[in-house]
Amino acid sequence: MYTNFEKYDIILIILQKLKGLITIPELPEVENVKRSLENKVIGKTIVGCSVINEKLIKKPTVQEFAKDITGLKITYLYRRGKYLVFTMDFSYELVVHLGMTGLLIHVNNINEIPQKYSKHLHVLIQLDGNTLLCYCDIRKFGSLRLLRQINPYEAIAKMGPEPWEIGVRKSFKTRLSAKKWTNKTIKEAIMNQEVIAGVGNIYASEALYASRIDPNRLVNKITDVERELILTNIQDILQKSIDLGGTSISDYLNGEGKKGQFQNYLKIYGKKKCECGADLKTVEIKGRNTFYCQNCQK
DNA sequence: CCTCAAGACCGGCTGC
DNA sequence: TGCAGCCGGTCTTGA
């Protein structure tokens with residue numbers, strides 16, 4: 001089926017099967033969506049909008065969303081954490097979150113949407129030049145918000161630093177030192193978007209494994225050196241995944257059937273055994289499945 | 001007013 | 001074949 005992708009402008013590839021688990025769009029995947037999409041949509045004017053499933057439109061009302069977005073020109077596209085933000089004329093912003101199974105795809109015709117997603121098409125945005133920006137979502141965990149720039153989206157306003165922004169080390173450590181985290185586990189803390197942007201369940205597990213730190217440890221027991229190490233590993237792992245994710249999308253477009261290379265570098269998430277040979281443990285932290293090695297992570 | 005844990009939201013998939 | 005339960009990012013709810 002991958003050969004079919006050759007003629008499609010696939011913007012996001014998700015649902016890579018991994019021992020019963022799935023990869024969901026976290027920072028690296030959303031970054032690749034942004035890079036793939038920006039050249040296609042910047043400068044385009046929205047000439048129409050159809051909302052098939054109203055549940056995904058969070059702001060404003062569905063009727064207002066479709067009416068207000070029509071006629072706006074997309075001037076810029078950026079990523080903030082796991083959110084995609086389309087900057088528009090007249091100080092509007094379209095804020096999109098892909099949830100777990102969101103797909104943003106730019107096509108000439110809705111028939112080009114992969115079959116798997118076509119029955120989960122929820123929002124159709126017509127661009128000038130007769131192309132379509134489609135939002136599909138199997139589990140409907142995603143969201144679209146059309147906002148005025150003067151009223152920033154709260155989740156983004158209070159979001160922690162981007163992993164590579166200037167001052168991230170200081171900001172990360174300051175936020176991690178907040179009273180609310182002292183008796184929480186380190187994994188829960190780094191998964192929270194207010195501590196650092198873009199880290200989800202998979203990358204939290206991987207970064208803590210790379211840091212040799214037990215995800216169950218409480219934040220107030222994590223030394224300053226260890227906090228630095230965690231941030232460094234978050235940066236390295238996310239960057240590597242961004243780079244590999246780009247390769248993956250390119251492979252799909254080329255119809256080579258490759259599933260991307262990032263999963264080949266996973267050390268812990270979804271695994272049964274550690275590289276050291278020990279059986280991995282799983283524990284539920286904040287309702288999320290957490291993998292770690294009792295031998296390597298202390 | 002605040003914090004915060006738990007529940008809700010979903011449907012493809014697995015396993016019994 | 002049927003169906004309960006798993007999975008998880010974010011928002012909502014209620015204590």
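All of these numbers come straight from a predicted model, not from anything done at the bench. A note on names: the letters A, B, ... follow the listed sequences, proteins ahead of strands, and every chain is numbered from 1.
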Quiz item: Do Arg169(A) and Glu228(A) sit within salt-bridge range, that is, some charged N less than 4.0 Å from a carboxylate O?
Solution: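 Here Arg169(A) pairs with Glu228(A) in a salt bridge, since their nearest N and O are under 4.0 Å apart.
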Quiz item: Less than 4.0 Å between a side-chain N and a carboxylate O, is that true for Glu29(A) and Lys82(A)?
Solution: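 Not counted as a salt bridge, because no side-chain N and carboxylate O are separated by less than 4.0 Å.
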N/O (side chain, [X]) to phosphate O (OP1/OP2, [N]) under 4.0 Å:
X         : N       : value
Tyr269(A) : dG8(C)  : yes
Lys82(A)  : dT10(C) : yes
His97(A)  : dT10(C) : yes
Arg139(A) : dC7(C)  : no
His120(A) : dC10(B) : no
Lys140(A) : dG11(B) : yes

Quiz item: Does the ring of Phe141(A) lie flat against the base of dT10(C), closer than 5.5 Å centre to centre with planes under 30°?
Solution: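 According to the criterion (under 5.5 Å, under 30°), no, Phe141(A) does not stack.
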Expressed in angstrom and rounded to an integer, what is the separation of [X] atom [atom1] from [N] atom [atom2]?
X         : N       : atom1 : atom2 : answer
Leu103(A) : dC10(B) : CG    : P     : 19 Å
Lys286(A) : dT10(C) : NZ    : P     : 12 Å
Asn201(A) : dG8(C)  : CG    : P     : 5 Å
Arg80(A)  : dT10(C) : CZ    : C1'   : 16 Å
Glu26(A)  : dT10(C) : CD    : C1'   : 13 Å
Asn53(A)  : dG11(B) : CG    : C1'   : 13 Å
Leu144(A) : dG9(C)  : CG    : P     : 19 Å
Glu154(A) : dT10(C) : CD    : C1'   : 13 Å

Quiz item: What residues in residues 176-193 of chain A put a non-hydrogen atom under 4.0 Å from any atom of DNA chain B?
Solution: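 Only Lys180(A), Lys184(A) qualify.
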By side chain to side chain contact (heavy atoms under 4.5 Å, CB included), which residues pair with [X], not counting sequence neighbours?
X         : answer
Thr61(A)  : Gln63(A), Glu64(A)
Lys286(A) : Glu188(A)
Asn183(A) : Leu218(A), Asn220(A)

Self-check item: Bending between helix ends of the helix from dT3(B)-dA15(C) to dC16(B)-dG2(C) [5 pairs per end, 10° resolution]
Solution: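 The value is 50°.
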Quiz item: Is it true that the NZ or CZ of Arg148(A) lies under 6.0 Å from the centre of Tyr92(A)'s six-membered ring and within 45 degrees of the ring axis?
Solution: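 Judged by the rule, Arg148(A) and Tyr92(A) form a cation-pi pair.
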Exercise. Answer yes if the side chains of Ser211(A) and Asn233(A) hold a donor-acceptor pair under 3.5 Å, and no otherwise.
Key: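 Judged by distance alone, the side chains do pair up.
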Quiz item: Which hydrophobic side chains are connected to Val283(A), either touching it within the sub-4.5 Å cutoff or through other members that do?
Solution: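 Under the 4.5 Å side-chain rule, Val283(A) groups with Ile285(A), Tyr292(A).
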Exercise. Before giving the answer on side-chain hydrogen bond (donor to acceptor under 3.5 Å, both in side chains), spell out for Lys58(A) and Ser143(A) the whole-Å C-alpha distance, their side-chain angles and the decisive distance to 0.1 Å.
Key: CA-CA 6 Å; Lys58(A) 307 297 183 184; Ser143(A) 59; over 6 Å; no
Quiz item: How are the rings of Phe291(A) and Tyr269(A) set relative to one another: parallel (under 30°), tilted (30 to 60°) or perpendicular (over 60°)?
Solution: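 Aromatic pair Phe291(A)/Tyr269(A) classed perpendicular.
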